[in-house]
Amino acid sequence: MSEPAKETRGLVVVHTGNGKGKTTAALGIVFRALGRGMKCGVIQFLKGKWETGERKFARTIPELDFHVMGLGFTWDSDDLDKDKAAAEEAWSVSARMIQEGNHNIIILDEITYVFHYGWLPVEKVLKVLKERPRHVHVVVTGRNCPEVLLEYADLVSVIEAKKHPYQSGIPAQKGIDF
């Protein structure tokens with residue numbers, strides 16, 4: 001029989017994989033934490049062109065700092081240098097929020113794409129995660145999370161795609177996808 005868990009500290013949580021629901025799972029953590037009176041922050045690294053339901057709702061919650069920093073999906077971009085600059089600014093805001101320790105939970109939404117495109121070295125993020133205040137939880141979302149970050153994380157969920165309505169010609173749905 002194993003010993004009961006005794007250590008309480010901030011966790012690094014990763015939601016990755018090719019399935020839908022990584023951001024949704026992270027926002028579920030935020031919803032739970034806000035219900036417990038915790039201060040939360042969300043930094044979205046890619047989403048930005050359209051007004052999502054979560055973005056609209058976030059404006060109504062004073063305990064939630066919600067930053068939409070991206071310029072939209074890279075496949076729609078006409079200026080990847082602008083996208084890179086937006087990602088660097090998003091990381092600057094994220095790092096400051098993590099280091100200040102004023103938030104209990106911080107979501108780095110779709111940051112893994114920033115690693116994939118070479119706009120931010122994962123080592124720079126790991127350094128901040130390793131030096132963060134002890135109580136701060138950080139949730140990372142996005143496909144193709146680098147192995148070094150998966151190894152460092154306390155909790156990793158790989159969300160698998162079994163079936164998606166898009167495969168049947170059904171577009172993104174309000175309230176489900178945005």
Side-chain angles (χ1 to χ4, degrees), residues 9-34 40-50 52-55 57-58 64 66-77 80 83-84 86-87 90-91 93-95 97-98 103-130 132 136-178:
R9 64 175 174 81
L11 303 175
V12 173
V13 176
V14 174
H15 295 306
T16 192
N18 292 330
K20 179 189 169 0
K22 296 173 288 292
T23 297
T24 304
L27 292 174
I29 291 171
V30 166
F31 191 64
R32 179 176 288 157
L34 289 169
C40 299
V42 176
I43 301 91
Q44 293 191 314
F45 279 77
L46 285 188
K47 294 172 183 147
K49 279 192 174 181
W50 58 0
T52 61
E54 59 264 27
R55 184 183 195 175
F57 186 61
L64 177 59
F66 200 93
H67 301 273
V68 180
M69 306 288 296
L71 302 177
F73 296 107
T74 53
W75 53 86
D76 289 334
S77 179
L80 290 178
D83 293 324
K84 180 180 180 183
W91 173 244
V93 169
S94 302
M97 285 174 70
I98 292 167
H103 296 79
N104 302 98
I105 297 177
I106 298 172
I107 309 297
L108 305 178
D109 188 39
E110 297 183 332
I111 192 173
T112 62
Y113 295 95
V114 175
F115 305 138
H116 176 75
Y117 290 115
W119 296 341
L120 178 67
V122 69
E123 296 78 19
K124 191 173 186 177
V125 173
L126 275 172
K127 182 178 185 326
V128 170
L129 293 178
K130 289 175 180 177
R132 75 188 187 283
V136 176
H137 301 282
V138 178
V139 181
V140 170
T141 72
R143 295 176 183 223
N144 304 311
C145 186
E147 191 62 35
V148 66
L149 187 49
L150 294 175
E151 289 172 15
Y152 179 73
D154 299 291
L155 171 63
V156 176
S157 293
V158 179
I159 300 177
E160 181 182 343
K162 289 282 189 181
K163 187 177 184 180
H164 195 290
Y166 190 78
Q167 296 164 327
S168 301
I170 301 171
Q173 302 291 305
K174 188 186 298 186
I176 298 291
D177 298 296
F178 61 93

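Not measured: the values here are computed from a predicted model.
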Trace of the side chain to side chain contact (heavy atoms under 4.5 Å, CB included) decision for Trp91 with Val114:
CA-CA 10 Å; Trp91 173 244; Val114 175; over 6 Å; no
Steps toward side chain to side chain contact (heavy atoms under 4.5 Å, CB included) verdict (Leu34, Cys40):
CA-CA 7 Å; Leu34 289 169; Cys40 299; 4.1 Å; yes
Trace of the side chain to side chain contact (heavy atoms under 4.5 Å, CB included) decision for Val12 with Arg132:
CA-CA 11 Å; Val12 173; Arg132 75 188 187 283; 3.6 Å; yes
Report the C-alpha separation of Leu149 and Leu129 in whole Å, then their side-chain angles, then the decisive distance to 0.1 Å, and conclude whether the side chain to side chain contact (heavy atoms under 4.5 Å, CB included) test is met.
CA-CA 10 Å; Leu149 187 49; Leu129 293 178; 3.8 Å; yes
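For the atom pair OG1 (Thr141) and OH (Tyr113), the distance works out to 8.0 Å, reported to the nearest 0.5 Å. Separating the CD atom in Gln173 from the CZ atom in Phe178 is a distance of 7.5 Å, to the nearest 0.5 Å. The CZ atom of Arg143 sits 10.5 Å away from the CD1 atom of Ile159 when rounded to the nearest 0.5 Å.
Here the closest non-hydrogen pair linking Ile105 and Ala33 is CD1-CB, 3.3 Å.
The side-chain hydrogen bond (donor to acceptor under 3.5 Å, both in side chains) analysis of residues 155-169, with sequence neighbours excluded, yields the pairs Glu160-Lys162.
More than 12 non-hydrogen atoms from other residues, nucleotides or ligands lie less than 6.0 angstrom from CD1 of Ile170.
The shortest side-chain heavy-atom distance between Ile29 and His15 falls under the 4.5 Å cut-off.
A donor-acceptor pair is defined here as one N or O able to donate and one able to accept, closer than 3.5 Å; no such pair exists between the side chain of Glu110 and the backbone of Leu108.
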